[in-house]
> 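The structure is given below, and queries will be raised subsequently.
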Number of protein chains: 2
Amino acid sequence: MAKPERTTREGIIDAASKLFYAEGIRAVSVDAVAEAAGVTKRTLYYHFESKDELIAAYLEGRDQPNLTLFRKWFDAADGDLAAKVEAIFVNLARAARHPKWKGCGFLRTSAELANMPGHPAIRIGAAHKKKFEAWLMQVFSEAGIDDAGELARQMLLLLDGSFAVVLLHRDASYMESAGKAAATLVRVAAVAR
Amino acid sequence: MAKPERTTREGIIDAASKLFYAEGIRAVSVDAVAEAAGVTKRTLYYHFESKDELIAAYLEGRDQPNLTLFRKWFDAADGDLAAKVEAIFVNLARAARHPKWKGCGFLRTSAELANMPGHPAIRIGAAHKKKFEAWLMQVFSEAGIDDAGELARQMLLLLDGSFAVVLLHRDASYMESAGKAAATLVRVAAVAR
DNA sequence: CGATGTATATTCACTAGGCGGTATACATAG
DNA sequence: CTATGTATACCGCCTAGTGAATATACATCG
């Protein structure tokens with residue numbers, strides 16, 4: 001029994017991820033997830049206590065991959081610190097031009113569940129963004145920038161702003177604008193120290 | 001009876017606005033809106049063809065008041081251009097600290113309906129943000145800033161980013177960070193010209 | 001080896017209520 | 001008498017979640 005259980009559970013999470021991200025949380029029924037996973041609903045409820053728990057599992061599964069991707073983009077970029085930060089936005093713009101792109105799953109979930117402030121999924125989303133911010137702060141701090149914390153917050157604002165704006169207008173060029181703004185702020189902060 | 005008809009319709013929109021903003025679109029049933037408006041569902045469906053139309057009416061009703069508020073905050077602020085822009089964010093932070101604050105209705109709706117790109121409500125939201133961006137561009141342009149359009153886009157990104165981030169973390173101080181970033185970008189653009 | 005016990009994993013069939021939307025009828029006003 | 005507006009009552013479908021039975025895997029015991 002070492003494998004089959006995890007495979008079923010992971011299959012359910014996979015199906016839930018695709019559906020929740022593509023359609024939204026409340027637009028997707030538990031039945032739909034079960035069917036997409038090739039499993040009966042009762043089996044789904046064997047592995048997850050409730051839909052809420054399934055939502056949480058969906059976001060938890062996206063936490064690390066997302067962070068890894070951002071770091072990869074940053075590390076792979078050439079140029080100074082500002083250019084490396086801007087590279088994140090440029091890569092994101094490329095991703096956002098894919099037809100299946102539907103914004104940031106964490107933000108969309110928090111928008112949809114805004115009436116349930118303590119919901120586990122929202123806590124997971126908040127923690128995810130905090131990790132990203134903390135990583136940026138460390139990067140800035142190591143680069144000798146004075147108020148690294150404040151600059152990291154501003155990057156996060158531009159990043160999440162670009163998620164929201166690009167989703168609304170379906171115009172990925174906003175992400176490049178965000179990248180330019182981010183680079184400007186980094187350069188100002190680097191000079192000012 | 002020239003007025004009561006409009007009163008009924010507006011009463012429904014009022015009730016819908018409060019509920020949709022507080023709870024989210026898909027979390028609120030047509031029955032709930034009708035009951036909150038003190039009207040039967042059949043009456044509601046006499047005034048609105050569908051729930052989708054009701055959603056659109058909700059956002060349409062928020063378009064002008066929102067824009068007016070932003071302009072008022074800008075106009076009322078003292079100081080240079082950067083300070084006046086920053087004032088928008090400071091005022092927004094105050095609003096966001098109110099317990100009933102739940103982010104930007106336009107963005108939350110677009111996040112929730114991301115799987116229906118052509119939905120009327122999304123078009124209304126996009127138009128609303130475009131109006132705000134156009135107003136900012138004109139302000140910057142009149143101030144003699146070179147790439148006023150690009151700067152306006154960056155302001156929008158910070159604004160919508162702060163909506164998203166503050167909603168997620170329930171920490172309005174991010175709005176003040178966004179204001180600082182906005183002021184920095186305005187000052188850089190004003191010097192660079 | 002083979003029977004049995006037990007925990008895990010899965011299925012079918014079901015419930016009670018909510019959903020968006022509607023058929024029909026009635027009231028009131030011009 | 002017709003147009004406008006409101007109400008009661010309803011429809012068919014979908015919703016999250018469940019009860020009871022069953023299948024599989026594996027360890028223990030005879």
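Below, chains carry the letters A, B, ... as their sequence lines are ordered, and counting in each starts from 1.
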> Nearest whole angstrom, please: distance from the C1' of dG20(C) to the CD of E53(B).
14 Å
> Hey, what do you get for CD (E53(B)) to CZ (F48(B)), rounding to the nearest 0.5 Å?
7.0 Å
> Measure from the ring center of F70(A) to the ring center of W135(A) and say whether it is less than 6.0 Å.
no
> What are the two closest heavy atoms between I25(A) and Y58(A), and how far apart are they?
CD1-CE2, 4.0 Å
> Consider only side-chain N and O atoms of S50(A) and D52(A), and report whether a donor and an acceptor are under 3.5 Å apart.
no
> Work out which heavy atom in F89(B) is nearest to a heavy atom in M175(B); give both atom names and the distance.
CB-O, 3.4 Å
> Determine whether E133(B) and M155(B) make a side-chain contact, defined as any pair of heavy atoms from C-beta on separated by less than 4.5 Å.
no
> Once you round it to whole Å, what is the distance between C1' of dT22(D) and OH of Y46(A)?
14 Å
> So that I can tick it off, tell me whether R97(A) and E176(A) are bridged by a salt bridge, with the cut-off set at under 4.0 angstrom between side-chain N and carboxylate O.
yes
> Could you work out which one of dT10(C), dG21(C), dG17(D) sits closest to the side chain of S50(A)?
dG17(D)
> How many Å lie between CD on E49(A) and P on dA16(D), as a whole number?
16 Å
> Can you list, in residue-number order, the parts of residues 19-31 of chain A that come under 4.0 Å of DNA chain D, counting heavy atoms only?
V28(A), S29(A), V30(A), D31(A)
> Verify the contact: side-chain N or O of H47(B) to OP1 or OP2 of dT4(D), cut-off strictly under 4.0 Å; return yes or no.
no
> For DNA chain C, determine which residues of residues 32-45 of chain B have any heavy atom closer than 4.0 angstrom to one of its atoms, and list them numerically.
K41(B), R42(B), Y45(B)
> Is it the case that one hydrophobic cluster holds both Y21(A) and M116(B), taking links as side-chain heavy atoms less than 4.5 Å apart, direct or via other members?
yes
